[in-house]
Amino acid sequence: MKSKTISRIHKMLKPEAKAIIIISILAILVNIGEVIKPYLVKITIDNYLSEGLWQKGIMTIGIIGSIYIGIVLIGNILDFLVSTTTSMVGENVIYTIRNKLYKYIQNANIPFHDKTASGTLFVRITSDVEDITTFFKDVITTIVKDIVMVIALALMMLSINYKLALLCFLILPVVILTSVIIIKISRKAQEYSKKAKTKLNIFLSESIYGVKLIKIFNRQYEKVKECSELCNNFCKSRTPTAFTEGFMVAFMVIFENLGVSIITWICVNKLFNINLDVGIIYIFITYLKQMFEPIQRIVENFETIQEAIVSINKIYDILEHKEYLEDFEKGIELEQVKGKIEFKNVWFAYESENWILKDISFTIEARTKYCISW
């Protein structure tokens, strides 16, 4: 990700920094509970069930069960708070960025609107903003949560049995390397798909806005054909993205099951002097599956991340061009309007040879309006 993009995301997140920190802390607490739950089951299996339930006492297992239920209840409550607060933060960010964009459009000068299609602006303030909404609601806080989850699980596995943990981790470099390669391919496909989607949205907004002109000049057939072509291009652009997403999900499932097979094979055959209790085998399999969940979630959310990054850059490419903004404070308020305005053979163009006015002559008297049509 480019430094300019990171800076733009930081601008959007800065007003909500405190809320995001709180959300991240709550999400980490949920992760801690998810790490503890399998360990409680491991204790029950190895220290009680394998030794005989009545020898150790049913009361202790009852206490462990109560702790497990308590963790589940507290985790669900915290998860609800995280989801609700994340949604509110996302709405606040989108509210701010949409208002900034609309204010810019209203305050931009005529040259800006002359070179920027109204359909493009409509897509920026609707479709692109919606892409950012999904990013903030579904992705931004889960990234911290997923990273912490992977680190916590890795540390727990190393502390229980470092030999088996290291053997399990051997597949992670392959997973990470393959993911990076596929993500780079997916990024290019996503950029192409985003361009096709933008063209389609621009066409639809401008066609619906100008439907009267289309009917007046009897251009319905041509517009329907153009719409069909744009829809077809967008559909084709989605194929590579869908393929990479599906491949990544299948790839993660294969390596997740491969890891489980490695654990089972090593423990059954007692390789590398690894002779583990049933509870430890259970906790390793559970932790490995839990480790792949956040990795897979990041991969599945990659499309959302890419769409949001492209949309953020397109929006800020507009907002950061201050030269198009008009300064309304510089104007002089007239107390009395006198005289008249007269145009004689006026030619005007924002760009060379692209004439807006061609040899125009007219007079505007004081306190009157003049309407020109051409």
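Along the sequence shown, residues carry numbers from 1.
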Undergrad: Would you check if the side chain of Ser361 reaches a backbone N or O of Asn345 as a donor-acceptor pair within less than 3.5 Å?
TA: yes
Undergrad: I'd like to know if Lys225 pairs up with Glu222 as an ion pair, taking the criterion as any Lys NZ or Arg NE/NH1/NH2 lying under 4.0 Å from an Asp or Glu carboxylate oxygen.
TA: no
Undergrad: Do Asp317 and Arg8 sit within salt-bridge range, that is, some charged N less than 4.0 Å from a carboxylate O?
TA: yes
Undergrad: Who passes salt bridge (Lys or Arg N to Asp or Glu O under 4.0 Å) against Lys37, sequence neighbours left out?
TA: Glu34
Undergrad: Give the minimum heavy-atom separation between Val82 and Ala27, together with the two atoms involved.
TA: CG2-N, 3.8 Å
Undergrad: Between Asp359 and Trp347, is a side chain to side chain contact (heavy atoms under 4.5 Å, CB included) present by the stated rule, with each step listed?
TA: CA-CA 5 Å; Asp359 195 22; Trp347 291 70; 3.4 Å; yes
Undergrad: Could you go through the side chain to side chain contact (heavy atoms under 4.5 Å, CB included) check for Thr85 and Ile22 one step at a time?
TA: CA-CA 9 Å; Thr85 310; Ile22 294 172; over 6 Å; no
Undergrad: Can you establish whether the number of heavy atoms outside Lys289 located under 6.0 Å from its atom NZ is more than 12?
TA: yes
Undergrad: If we only count heavy atoms from C-beta on, is the Met12 to Ile132 side-chain gap below 4.5 Å?
TA: yes
Undergrad: I would like to know whether Asn232 and Lys236 meet side chain to side chain contact (heavy atoms under 4.5 Å, CB included); could you show each step before the answer?
TA: CA-CA 6 Å; Asn232 187 41; Lys236 289 181 179 179; 3.5 Å; yes
Undergrad: Working note: Ser237 + Phe234, criterion side chain to side chain contact (heavy atoms under 4.5 Å, CB included); need CA distance, chi angles, decisive distance, verdict.
TA: CA-CA 5 Å; Ser237 71; Phe234 177 60; 3.8 Å; yes
Undergrad: Contact between Leu288 and Phe284 at the side-chain level, heavy atoms closer than 4.5 Å - yes or no?
TA: no
Undergrad: Could you check whether atom NZ of Lys314 has more than 12 heavy atoms from other residues, nucleotides or ligands sitting under 6.0 Å from it?
TA: yes
Undergrad: Could you give all pairs that pass the side-chain hydrogen bond (donor to acceptor under 3.5 Å, both in side chains) test and reach residues 64-79, with sequence neighbours left out?
TA: none
Undergrad: Between Tyr316 and Ile97, which heavy-atom pair has the shortest distance, and what is it?
TA: OH-CD1, 3.8 Å
Undergrad: For Pro38 and Tyr282, work out which heavy atoms get closest and say how close.
TA: O-CE2, 3.8 Å
Undergrad: Would you say Ile71 ends up clustered with Tyr39 if hydrophobic residues are merged whenever their side chains have heavy atoms under 4.5 Å apart, either directly or through other cluster members?
TA: yes
Undergrad: So, Thr96 side chain and Asn92 main chain: donor-acceptor pair closer than 3.5 Å or not?
TA: yes
Undergrad: Side-chain contact, heavy-atom cut-off 4.5 Å: His113 with Tyr324?
TA: no
Undergrad: What distance do Leu200 atom CG and Glu229 atom CD have between them, rounded to the nearest 0.5 Å?
TA: 12.0 Å
Undergrad: Restricting to non-hydrogen atoms, name the atom on Ala19 and the atom on Val89 that form the minimum distance, rounded to 0.1 Å.
TA: CB-CG2, 3.6 Å
Undergrad: Do Ile32 and Leu78 belong to the same hydrophobic cluster, where Ile, Leu, Val, Met, Phe, Trp and Tyr are linked whenever their side-chain heavy atoms lie under 4.5 Å apart, directly or via other members?
TA: yes
Undergrad: I need the Ile125 CD1 to Leu101 CG distance, nearest 0.5 Å.
TA: 4.5 Å
Undergrad: Hey, what do you get for CH2 (Trp355) to CD1 (Ile360), rounding to the nearest 0.5 Å?
TA: 12.0 Å
Undergrad: Take atom CZ in Phe122; do more than 12 heavy atoms of anything else shown fall under 6.0 Å from it?
TA: no
Undergrad: Is Leu204 reachable from Ile202 through a run of I, L, V, M, F, W or Y residues, each pair having side-chain heavy atoms under 4.5 Å apart?
TA: no
Undergrad: Please give me the minimum heavy-atom distance between Ile315 and Arg124, naming the atom from each residue.
TA: CD1-O, 4.0 Å
Undergrad: Run the salt-bridge test on Arg98 and Glu91 with the 4.0 Å N-O cut-off and return the result as yes or no.
TA: no
Undergrad: Given 3.5 Å as the limit, does a donor-acceptor pair link the side chain of Ser87 with the main chain of Ser83, or not?
TA: no
Undergrad: Could you tell me the separation between the CD1 atom of Ile28 and the CD1 atom of Ile23, rounded to the nearest 0.5 Å?
TA: 12.0 Å
Undergrad: List, one per line, each side-chain donor-acceptor pair under 3.5 Å for residues 147-160, sequence neighbours excluded.
TA:
unit_1	atom_1	unit_2	atom_2	d
Ser159	OG	Leu155	O	3.3
Ser159	OG	Met156	O	2.7

Undergrad: On a heavy-atom basis, which atom in Phe343 and which in Ile341 lie closest, and how many Å separate them?
TA: CE1-CG2, 3.5 Å
Undergrad: What distance do Asn218 atom CG and Ile216 atom CD1 have between them, rounded to the nearest 0.5 Å?
TA: 11.5 Å
Undergrad: Quick one: are Val35 and Tyr287 in side-chain contact, heavy atoms under 4.5 Å?
TA: yes
Undergrad: Nearest 0.5 angstrom please: Ser7 OG to Ile312 CD1, how far?
TA: 11.5 Å
